[in-house]
There are 2 protein chains.
Amino acid sequence: MRAATLSIGDELALGQIDDTNARWLADRLAELGLYRDEHRTVADDVDAIERAMRELAAGGPRDVLVVTGGLGPTADDLTRDALNRCCDHGAPMVEDPLARADLDRWFRGRGRAMPTSNLVQALRPQSAVCLRNPNGTAPGLAASIEHAGGRSTRIFCLPGPPREMQPMFVADVEPHVRSVARGRAMPTVAVHSFGQGESTLAERLGPLMDRTHDPSIGTTASRSIVTARIRTSGAPDEARAKIDAAARLVEERWAPYAYARDGRSLASVVVELLRERRATLAVAESCTGGLVGSMITEVAGSSDVFLGGGIVYANQLKTRFARVDPSLLEQHGAVSEEVAAALALGIRSEVGATWGIGITGIAGPGGGTATKPVGTVFIGRSGPDGTQVRRFQMPGERDIVRDRSAKSALQWLRFALLGVEAPFLWGVERA
Amino acid sequence: MRAATLSIGDELALGQIDDTNARWLADRLAELGLYRDEHRTVADDVDAIERAMRELAAGGPRDVLVVTGGLGPTADDLTRDALNRCCDHGAPMVEDPLARADLDRWFRGRGRAMPTSNLVQALRPQSAVCLRNPNGTAPGLAASIEHAGGRSTRIFCLPGPPREMQPMFVADVEPHVRSVARGRAMPTVAVHSFGQGESTLAERLGPLMDRTHDPSIGTTASRSIVTARIRTSGAPDEARAKIDAAARLVEERWAPYAYARDGRSLASVVVELLRERRATLAVAESCTGGLVGSMITEVAGSSDVFLGGGIVYANQLKTRFARVDPSLLEQHGAVSEEVAAALALGIRSEVGATWGIGITGIAGPGGGTATKPVGTVFIGRSGPDGTQVRRFQMPGERDIVRDRSAKSALQWLRFALLGVEAPFLWGVERA
C-alpha cells in the first residue's frame, strides 16, 4: 500500500516558505497504513505538474496521490488543468453546481461580491468530483488515473493552506485510504536518546538494524539527540505490539541514554521525575543564559517542581544570586570547576531547592584560551548526596555548544534522579 | 539556469523528520542565480534514488542537481551506489586515498577505533570526485551525467546533517554554480517584522505585491514574524540594487515593526542598539522562564550589554531577586500590571542596569481566570525615562504564548531604544 505526495507552487520550489503539508501528510498516511515513499515539489508550470502527477501515479502503481496547492483563482493556479489533462485528456471542464453554490455562499456570508476570477474554482474535470471546503474558497478535487492491468490511482487535489487542507484530508481522503489499506496499519514509534554518538548507539543495536529486520529500525540524529525510528505493518493491534516490543528492546540497549518516546522532551521527563520524588530544582546559568530554565518552563505544570534561578551572566550576579565567593572567581576564573560547583550549591541554598544546577562555559566564538578552548563547559550538580562537577568539551558553533550544554545538564540531572551514572561522548574525564 | 534537489531517506519520506535542507538549498541556489524548479524526496531504495537522479538531471536538462543524505556508513545509505549506476554504469568503485586519510584522521583525532563499516565512506565512483567534510565522516561526491547534444548535469551528493551539508555546499557547490550562472543572479532579500498581522502588513504594501511587479514581493508568517520576500533576476549589481531599493521601501511601509533583514534575529538588533547607546540590560522572567535571556545570549558578544537577571518563577524569587514587595503579590496577584512594573524596576535596580524588563503572565494550559484568561501577559519596561507596563492577550498554545511574549519584550525595548511607540496586534490598550 503505497502513496505519494506532490506540492505545487513557485514559493515552495524557490524555498521561500516551509512545506509543512508534505510532512503532515506523510505522517497521517503512515498512521493509516500507507507508505508515502516519494514526495515532489514542482513550480507553477502546468506541464511539470502533469508530468509529476503521471509519474507519481505510475510508480508501482501507487494507490493514492495527494496533491496540495495550485487550486486558487489566479492565473498561476494550474493544478485543476493538470488533473484534467491526466484524467480526461484535457476535455472541456464543467461547472459543479454544488461547488458554485458553496462559492456564492462564501462571498455572500462575508458581504463581498465574488470576483469573476473565482468562478474557475467551481470548474472540475468531467470525471472528477469536488470536495467541499468549509474553510476557504477552493474546493478540492478527486479523480482517478487508470493503469494497464485494471489498477488505478486515486488522485486527491487539496488546497495549500494547512487549515483548509487538513480538515479536507480528514473528511474526504481518510475514508478512501482506510478502504484501500483494508485494516492494515503502518504504526511507527521513535525512541530518543542523548549523550552518545549515533555510531556507538547503532553498534549497540547490531543486527536489529538490518534492512531485513522486522520491525525496521533506523537511526537519525538532530541537535545531539539520536533517535531510533521503528516501524512495521500489519493488522493494527499486532503491528502496535510488535513495535512496542522493539522499542523496549532499544530502550534497554540504549540505557541510560534513552529518555523518552515520540517527541517527548528531555525536560518533561526531568519534570516528571522531580514530581514523583517531590523534589524541586533551581538553576544558575552563565553561558546558557536561561536556556535550561526556558526548556523546563516549556513543560506545562513545571511550576510544581521548578522554582527558578539566576541568569548569572555577569560575575557580580554569580555572587549576588548564587552566593559565589568573589575570591573563587578571581582565583580560578568564571569558567572553572570550582565556580560551577559553587553555582550549583549556591543557587540550591539561596532558593531552598532539593537540586541545584550551575553551568559556566565558553560558548564562543570568542573567549577561548589554550587550556580552556571554545566549547569548554563545566556543569555543577548539587543535591541531597552532595555536589559534583563534570567538565565537557563541546564541538561546534555557539548555538550547538549552548544547546548541548543545557541538554547535558538535564540528562545528568536525570541520571542522578534515577541513581545511575554514565559517560557523555563529549565529557572530559578528569584524572 | 535551472537546478533540482533530491533528499534521500526513509525518515524523510515517512515524514518523521523535517526536511530543512530542501528549503535551505533552494534559497542558496536562487541567491546564486539558479532556479530550483523541482524537488523530490525518496526513500532509501537504490532503484528509486537512481531513477530520481536520472529524471531530475534530464529535465531540461538541468544544470545542477544537489542530492542530500544517504552517504552514511550503514546498509541503508545508498546514494553512493545510485550515483555510481547513473554515472559509471555500476562499475566497481575505488577507494579515494584522500577521503580515506581524512576518515582515519577523524577517528584518530577522537581517540576512537574506526568501525569497519565506515570504510565504505572512502569509496567513490571512478568518474566522481570526493568533497572533503571537515565536520563529519561522510565525504561528499560530485560527478556528471552526460546528455545527448553534449550537455551535462553536475550532480553533487552532500551529507544530510545541515552542519555538514552547508559548509560543503559553500566550499564545493557554490564555485561551480557561480560558473554555470555566468554572471546572472537571482538575488533575494527578506525583511522581517514583528508586532502586526500578515494581512495588515500586506495591505500596507498594496500594489507592490502584484504578481507582475518586479521585483516580486510575497509575504510569509512564521512564529509571529511576518517576512517580506523580495526577488528579481538579472546582472548581479543591477539586480542587487533593485531588491535593495524594494527592501528599503518595505521597511518604510512596515516601520517601526520591520527590524532586520535576511534571518537576523530581533535579539541581535536589540544587542546592537544597546551597544551603540552604551546601555546595559537585566531581565526578570516569570512565565517565559529564561527565554528572553536565552534569545539574547544566543547573540555572540551579548555579554557587552547583557548582565543577566532572574528566572523568577516562584513568588519568593520575585521578591528575593527582583525586590518585589510581597504585599504587591498578595494584593494584585503575581500576574498583574503592578508586579510586571515592580519586576522591571526591581531587577534594573538590583543589577544596576540601564534597562530592566519584567515579564509575568499565564502561558497555559492551566491557570486562566475570567479576568485573566490564558494568554494574559504583562510586560514591564524600566529605563532612564521611567517604568511602563503593557498588557497583552496572546492567542495560541503555551509555546506560542511564551515565544510571542519574549519577542514582544524585545521589540518593545527596541521601540524605546529608537524613541518610537506603536501598538501590537495582540496588545490590550488600557483605558
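Side chains included, hydrogens not; waters and symmetry mates left out as well; all remaining heavy atoms used. In what follows, chains carry the letters A, B, and so on, assigned in the order in which the sequence lines appear, proteins first and then strands, with residues in each chain numbered from 1.
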Out of [options], which one racks up the most heavy-atom pairs below 4.5 Å with chain B?
{"options": "Asp37(A), Leu6(A), Thr219(A)", "value": "Asp37(A)"}
{"options": "Ser294(A), Ala26(A), Ser302(A)", "value": "Ser294(A)"}
{"options": "Gly59(A), Gly289(A), Ala221(A), Ala3(A)", "value": "Gly289(A)"}
{"options": "Met295(A), Met186(A), Arg231(A), Glu198(A)", "value": "Arg231(A)"}

Find out whether [X] and [Y] are in side-chain contact, i.e. whether some heavy atom of one side chain is under 4.5 Å from a heavy atom of the other.
{"X": "Arg223(A)", "Y": "Arg163(B)", "value": "no"}
{"X": "His39(B)", "Y": "Leu12(A)", "value": "no"}
{"X": "Tyr313(B)", "Y": "Thr297(A)", "value": "yes"}
{"X": "Val351(A)", "Y": "Leu317(B)", "value": "yes"}
{"X": "Arg229(A)", "Y": "Leu14(B)", "value": "no"}
{"X": "Glu55(A)", "Y": "Arg40(B)", "value": "yes"}

I'd like to know whether Arg112(B) forms a side-chain hydrogen bond (donor to acceptor under 3.5 Å, both in side chains) with Ser199(A), so could you lay out the CA-CA distance, the side-chain angles of the two residues, the decisive distance to 0.1 Å, and finally the verdict. CA-CA 11 Å; Arg112(B) 290 155 57 194; Ser199(A) 54; 3.2 Å; yes
Is chain B contacted by the side chain of Val292(A), its backbone, both, or neither, given a heavy-atom distance below 4.5 Å?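 Answer is neither: Val292(A) stays 4.5 Å or more from chain B.
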Measure distances from Glu11(A) to the heavy atoms of chain B and classify the residue's part below 4.5 Å as side chain, backbone, both or neither.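 For Glu11(A), neither part sits under 4.5 Å from chain B.
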First locate atom [atom1] of [X], then atom [atom2] of [Y], and finally report the distance between them rounded to the nearest 0.5 Å.
{"X": "Gln316(A)", "Y": "Glu350(B)", "atom1": "CD", "atom2": "CD", "answer": "8.5 Å"}
{"X": "Ile217(A)", "Y": "Asp76(B)", "atom1": "CD1", "atom2": "CG", "answer": "12.0 Å"}
{"X": "Asn315(B)", "Y": "Leu307(A)", "atom1": "CG", "atom2": "CG", "answer": "11.0 Å"}
{"X": "Asp399(B)", "Y": "Glu298(A)", "atom1": "CG", "atom2": "CD", "answer": "5.0 Å"}
{"X": "Asp10(B)", "Y": "Thr220(A)", "atom1": "CG", "atom2": "OG1", "answer": "11.0 Å"}
{"X": "Ser222(A)", "Y": "Asp18(B)", "atom1": "OG", "atom2": "CG", "answer": "9.0 Å"}

Heavy-atom distances under 4.5 Å only: say whether [X] touches chain A with side chain, backbone, both or neither.
{"X": "Thr288(B)", "result": "backbone"}
{"X": "Thr280(B)", "result": "neither"}
{"X": "Arg320(B)", "result": "side chain"}
{"X": "Val299(B)", "result": "backbone"}
{"X": "Asn135(B)", "result": "neither"}
{"X": "Ala30(B)", "result": "side chain"}

In terms of ring plane angle, is the pair Phe321(A) and Phe321(B) parallel, tilted or perpendicular, where the classes change at 30° and 60°?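 Parallel: the ring planes of Phe321(A) and Phe321(B) meet at under 30°.
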